[in-house]
Amino acid sequence: MKQRGVYEPGPTAASGESREMKPRSHTGRRLFVLDTNVLMHDPTAIFRFEEHDVYVPMVVLEELDAHKKGLSEASRNVRQVSRFLDDMMRGVTKEQIDRGLQLPSGYSGNHGKRPSTGRLFFQTRQLTSVLPEGLPGQGGDNAILAQTLALQNEHKDARVILVSKDINLRIKAAVLGVHAEDYYSDKTLEDADVLYSGMTALPTDFWERHGKDMRSWKEADRTFYEITGPAVRDWQPNLGVFEDIPEGIEGIVRKISGDTATIELTRDHRNERHNVWGITARNREQNFALNLLMDPEIDFVTVLGPAGTGKTLLALAAGLMQTLETNRFVEIIMTRVTIPLGEDIGFLPGTEEEKMEPWMGALMDNLEVLTGSQEGGNWGRAATNDLLRNRIKIRSLNFMRGRTFLNRFLILDEAQNLTPKQMKALTTRAGPGTKLACLGNIAQIDTPYLTEMTSGCHLCRESLPRLGAFRTYHAGPRGALAACRLRLGHPLGVRLNASRRPPL
């Protein structure tokens with residue numbers, strides 16, 4: 001790439017500018033210099049810096065222009081950035097651009113942050129490079145570093161910060177004395193270990209503080225409690241509550257009104273009498289999972305956890321039970337994103353389902369477990385497998401756009417490899433009567449440039465509480481090797497989100 005000129009913002013506003021374009025106080029002022037990869041990752045990044053100013057170097061515009069063609073998500077994001085910038089610059093003069101464009105404050109989707117009230121600056125005049133003479137290369141990264149250094153020298157009253165997702169660029173910036181940060185605004189959590197669990201243990205004095213005005217009743221074979229007290233304020237609908245004592249109660253919060261909550265006791269799927277397609281829960285957390293997967297009022301369940309915790313087995317067992325036994329669903333649809341663990345094996349011949357079959361080893365393995373106890377020997381198991389395969393369809397994620405699934409049990413496996421855009425596209429495919437089970441392990445992300453914090457699974461964590469539900473659970477490992485792996489430092493846990501269908 002050719003070396004670009006280094007520019008700085010224009011002078012402050014002229015005396016005749018309008019009131020809204022007057023410079024603001026520089027007290028605590030920050031100027032964020034954005035790298036190209038930030039805008040390619042999140043096209044709305046320019047709106048996410050609240051009251052601070054945003055600076056886009058000219059080299060960034062050049063690189064955005066070079067990446068605007070293509071069908072990838074990065075190319076789509078580049079084109080969206082260009083549309084945002086074009087809308088903001090429509091009808092403005094060169095003098096207004098020099099003074100900085102007022103960032104729109106009405107943008108929604110700012111991850112709960114305050115509306116942006118800063119200005120957007122572009123490079124408008126050339127400066128002498130201040131990079132060390134021994135710095136090799138003439139690439140775009142060096143041009144951005146030179147621009148940031150120049151801005152530090154010109155704007156002593158502001159803290160200039162380089163924002164980039166390029167680790168090596170941040171390292172070079174630190175060596176040169178430039179403060180650089182990763183882009184965090186798209187991350188719903190700072191640490192995967194503090195994910196909202198969706199389960200909480202009741203304190204030992206809970207009944208003394210909340211049992212005075214308690215009311216209980218039964219509907220069919222389900223038991224309900226109505227509880228009033230201060231602890232209810234911290235609860236959410238579909239939160240799992242339990243007493244951490246032998247024979248303690250386990251329940252799900254069904255309704256909250258002020259300081260009053262309605263709790264429904266869970267069905268004990270650890271008991272063989274309440275097995276789901278021959279599968280019983282091994283612990284409290286799997287019991288919560290099966291209750292949510294079998295609940296006809298819950299349309300969306302997310303199960304996150306380490307390998308071997310029974311995510312696919314529980315979801316498949318619940319789907320078969322509700323498809324073949326209760327006839328609630330017409331069929332089971334299973335899909336996943338096709339990201340290879342190692343080298344790509346190349347072209348796969350056959351139909352859509354035949355191409356997806358090698359990616360669905362988890363489905364075949366769990367079907368063997370679910371049909372292994374069938375009577376009739378090998379012939380009986382083969383007949384059962386044929387019956388199940390007729391009711392289980394394997395579909396590619398690439399062809400989901402525009403589809404609507406009615407009365408289906410939709411299982412999305414390996415969901416940690418989905419981007420937020422893909423997750424949004426898939427969840428909107430569910431029509432009336434469809435239930436979506438989203439399974440994943442955020443510790444095993446294979447998609448390049450996707451992290452635990454930017455995975456589509458976190459989109460569920462962010463949006464589901466607004467829909468009125470959320471859940472988390474822990475499950476038992478598949479065997480001795482998995483258990484050994486977990487003891488070696490991988491905490492066992494499966495997180496579960498649940499979305500209850502809103503009333504009509």
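- Side chain of Arg79 to main chain of Lys68: a donor-acceptor pair is present (N/O by atom type, distance under 3.5 Å, no hydrogens or angles).
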Side chain to side chain contact (heavy atoms under 4.5 Å, CB included) evaluation trace for Leu370 with Leu313:
CA-CA 8 Å; Leu370 294 171; Leu313 182 65; 3.8 Å; yes

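- Counting all heavy atoms, side chain and backbone alike, Val337 lies closest to Glu414 at CG1-O, 3.9 Å.
- Nearest heavy atoms, Asp35 versus Ser164: OD2-OG, 2.8 Å.
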Check the pair Leu397 / Leu418 against side chain to side chain contact (heavy atoms under 4.5 Å, CB included), numbers first and verdict last.
CA-CA 10 Å; Leu397 200 65; Leu418 267 68; 4.1 Å; yes

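- No side-chain donor-acceptor contact under 3.5 Å links Thr262 to the backbone of Arg254.
- Taking 4.5 Å as the limit, every side-chain heavy atom of Val253 sits out of range of all side-chain heavy atoms of Val232.
- Looking at Asn291, its side chain does come within 3.5 Å of a backbone N or O of Arg267 through a donor-acceptor pair.
- Expressed to the nearest 0.5 Å, how far CD of Gln236 lies from CD1 of Ile256 amounts to 7.5 Å.
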Under 3.5 Å, sequence neighbours excluded: what are the donor-acceptor pairs made by side chains of residues 404-412?
{"unit_1": "Arg408", "atom_1": "NE", "unit_2": "Glu331", "atom_2": "OE2", "d": "3.1"}
{"unit_1": "Arg408", "atom_1": "NH1", "unit_2": "Leu406", "atom_2": "O", "d": "2.7"}
{"unit_1": "Arg408", "atom_1": "NH2", "unit_2": "Glu331", "atom_2": "OE2", "d": "3.4"}

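- In terms of heavy-atom proximity, Ala415 sits nearest to Ser455 at O-OG, 4.1 Å.
- Residue Leu34 holds its CG atom at 9.5 Å from OG1 of Thr36, rounded to the nearest 0.5 Å.
- In this structure a side-chain-to-backbone donor-acceptor pair under 3.5 Å is missing from Asn275 to Thr280.
- The heavy-atom pair separating Asn327 from Thr323 by the smallest distance is OD1-O, 3.2 Å.
- Considering NZ of Lys165 and CG of Asn37, their distance stands at 7.5 Å, rounded to 0.5 Å.
- His274 places a side-chain N or O within donor-acceptor distance of the main-chain N or O of Asp268, the cut-off being under 3.5 Å.
- Classification of the Trp235-Phe206 ring pair by plane angle, with boundaries at 30° and 60°, yields parallel.
- Residues Val178 and Lys172 have side chains not in contact (no heavy-atom distance under 4.5 Å, counting atoms from C-beta outward).
- Contact annotation: the side chain of Val241 never approaches that of Ile249 to less than 4.5 Å [non-hydrogen atoms, C-beta and beyond].
- At a threshold of 4.5 Å between non-hydrogen side-chain atoms, the residues Leu162 and Arg170 do not count as touching.
- Atom CE of Met400 and atom OG1 of Thr427 lie 12.0 Å apart (nearest 0.5 Å).
- Taking the side chain as every heavy atom from C-beta outward, Asp42 and Arg48 approach each other to under 4.5 Å.
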Run the side chain to side chain contact (heavy atoms under 4.5 Å, CB included) test on Thr312 and Met334 for me, step by step, so that the C-alpha distance in whole Å, both residues' side-chain angles and the decisive distance to 0.1 Å come before the verdict.
CA-CA 10 Å; Thr312 308; Met334 196 164 185; 3.7 Å; yes

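- With a 6.0 Å cutoff to the six-membered ring centre and a 45° limit on the axis angle, Arg284 counts as a cation-pi contact of Phe242.
- Here the straight-line distance linking atom OH of Tyr55 with atom CD1 of Ile161 works out to 15.5 Å at 0.5 Å rounding.
- Taking CG of Leu39 as the reference point, atom CZ of Phe84 lies at 10.5 Å (rounded to 0.5 Å).
- Although no hydrogens or angles enter the test, the distance criterion places a donor-acceptor pair under 3.5 Å between the side chain of Thr419 and the main chain of Gln422.
- One finds no salt bridge joining Asp86 and Arg83 here, because no Lys/Arg side-chain nitrogen approaches an Asp/Glu carboxylate oxygen to under 4.0 Å.
- The closest donor-acceptor contact from the side chain of Gln322 to the backbone of Pro296 lies at 3.5 Å or more, if one exists at all.
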The test is side chain to side chain contact (heavy atoms under 4.5 Å, CB included); show your working for Leu64 and Met40 and say whether it passes.
CA-CA 8 Å; Leu64 288 175; Met40 294 177 68; 4.1 Å; yes

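- Gln416 and Gly440 make their closest contact through OE1-CA, 3.2 Å (heavy atoms, listed as atom of the first residue, atom of the second, distance).
- The shortest non-hydrogen separation linking Thr200 to Leu239 is CG2-CD2, 3.6 Å.
- With contacts defined as side-chain heavy-atom distances shorter than 4.5 Å, the pair Thr309/Val303 does not qualify.
- Side-chain atoms of Lys311 come within 3.5 Å of backbone N or O of Pro306 as a donor-acceptor pair.
- Within 6.0 Å of the CD1 atom in Ile167, the count of heavy atoms belonging to other residues, nucleotides or ligands does not exceed 12.
- In this structure a side-chain-to-backbone donor-acceptor pair under 3.5 Å is present from Lys435 to Ile298.
- Put simply, the side chain of His67 never gets that close to the backbone of Ser75: no donor and acceptor are under 3.5 Å apart.
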